[in-house]
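Following: one structure in structure tokens, then a few remarks.
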Amino acid sequence: MKRYFTLMEVMIAALVLTLSAVATLSIVGTSRANVLREERRWSREHYMTNVVEFFLAVGPNGELPACLLPEGWHATCELYDLDDGLPEAALESIQEWRLGEFHIQLFDKEGNMVNEQFIRKLLKEEDLGYGTMGG
């Protein structure tokens with residue numbers, strides 16, 4: 001004798017299948033949103049790292065290459081001679097070397113600041129006369 005599934009058993013199986021599908025789609029959707037968010041964050045950090053390396057190598061007056069940032073993005077760099085808060089003995093140059101601070105800012109195409117970095121570096125005294133650069 002053949003035994004068929006009852007209507008109740010079929011409805012319960014369909015409900016379990018539907019709940020499983022909804023849960024799976026929810027997990028996939030959340031994961032996709034997390035991946036996209038992290039890709040954007042990584043991209044911004046990558047752009048900032050490129051800009052920082054460029055300005056530290058070339059100086060704040062260097063002209064940013066067009067391929068370094070996405071279209072419409074730009075960066076600025078200012079170099080300061082650090083003398084605030086340093087002990088008196090540290091204010092004198094040591095063999096013409098002084099402590100400078102680069103202030104680098106990264107802006108998206110809407111002009112919103114995406115990131116900024118303050119980096120201290122020992123520089124020759126004549127290099128502290130670089131001034132300000134906007135890329």
Side-chain angles (χ1 to χ4, degrees):
M1 175 167 111
K2 286 187 173 181
R3 181 175 182 279
Y4 297 100
F5 291 108
T6 65
L7 180 59
M8 184 60 75
E9 291 172 331
V10 171
M11 289 178 62
I12 291 174
L15 178 65
V16 168
L17 181 62
T18 302
L19 291 176
S20 299
V22 168
T24 301
L25 290 176
S26 173
I27 291 169
V28 168
T30 302
S31 297
R32 178 178 159 80
N34 289 341
V35 166
L36 292 174
R37 185 184 71 242
E38 291 304 317
E39 281 180 347
R40 278 193 305 274
R41 196 180 88 176
W42 179 88
S43 295
R44 291 176 176 189
E45 289 297 324
H46 179 70
Y47 298 145
M48 188 65 186
T49 300
N50 287 343
V51 168
V52 166
E53 288 177 356
F54 174 81
F55 284 128
L56 289 177
V58 176
N61 291 329
E63 189 66 34
L64 280 173
C67 62
L68 201 60
L69 294 173
E71 187 175 331
W73 287 51
H74 68 282
T76 61
C77 181
E78 297 176 15
L79 178 60
Y80 302 103
D81 183 5
L82 284 184
D83 53 8
D84 291 340
L86 293 176
E88 192 67 35
L91 295 177
E92 298 175 20
S93 67
I94 299 172
Q95 298 178 353
E96 299 180 12
W97 290 87
R98 300 266 316 206
L99 183 61
E101 183 172 63
F102 288 82
H103 179 208
I104 302 169
Q105 295 178 311
L106 178 64
F107 299 90
D108 63 15
K109 58 186 165 189
E110 287 86 30
N112 301 319
M113 186 174 62
V114 173
N115 201 344
E116 72 179 333
Q117 292 282 326
F118 295 90
I119 299 170
R120 293 181 177 182
K121 181 180 177 183
L122 284 174
L123 300 165
K124 286 286 201 181
E125 281 184 329
E126 64 263 14
D127 292 342
L128 285 171
Y130 280 143
T132 303
M133 181 277 176

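Values below: all heavy atoms of this structure, side chains included; hydrogens, waters and symmetry mates excluded.
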* Partners of Glu38 by salt bridge (Lys or Arg N to Asp or Glu O under 4.0 Å), sequence neighbours excluded? -> Arg41
* **Over all atoms of both residues, closest heavy-atom pair of Leu99 and Arg120** => CD1-CB, 4.0 Å
* To do: Can you see which heavy atom on Val10 is nearest to which on Phe5, and at what distance?
  => CG2-CB, 3.9 Å
* **Minimal non-hydrogen separation, Met48 against Asn115, with atom names** => CG-ND2, 3.7 Å
* Stepwise side-chain contact (heavy atoms from CB on, under 4.5 Å) check, Phe55 with Ile119 -> CA-CA 11 Å; Phe55 284 128; Ile119 299 170; over 6 Å; no
* Mind checking the CG-CD spacing from Leu123 to Glu101? Nearest 0.5 Å is all I need. => 11.0 Å
* In Å, rounded to the nearest 0.5 Å, how long is the span from CG of Asn112 to CG of Leu106? -> 11.0 Å
* **Minimum side-chain heavy-atom gap Val114-Tyr47 below 4.5 Å** => no
* Asked: How about Phe107 and Thr76: do any of their side-chain heavy atoms sit closer than 4.5 Å?
  -> yes
* **Thr49 (side chain) donor-acceptor with Glu45 (main chain) under 3.5 angstrom** => yes
* To do: Apply the test side-chain contact (heavy atoms from CB on, under 4.5 Å) to residues Glu39 and Leu36: give CA-CA distance (whole Å), side-chain angles for both, the deciding distance (0.1 Å), then the verdict.
  => CA-CA 5 Å; Glu39 281 180 347; Leu36 292 174; 3.9 Å; yes
* Atom CD1 of Ile104 and atom CZ of Phe54: how far apart are they, to the nearest 0.5 Å? -> 10.5 Å
* Structure fact -> Val51 and Ala75 have their tightest heavy-atom pair at CG1-CB, 3.6 Å
* Asked: Roughly how far apart are His103 NE2 and Leu79 CG, rounded to 0.5 Å?
  -> 12.0 Å
* Under 6.0 Å from the NZ atom of Lys109, do we count more than 12 heavy atoms belonging to anything else shown? -> no
* Within a reach of under 6.0 Å around CE of Met8, are more than 12 heavy atoms found that belong to other residues, nucleotides or ligands? -> no
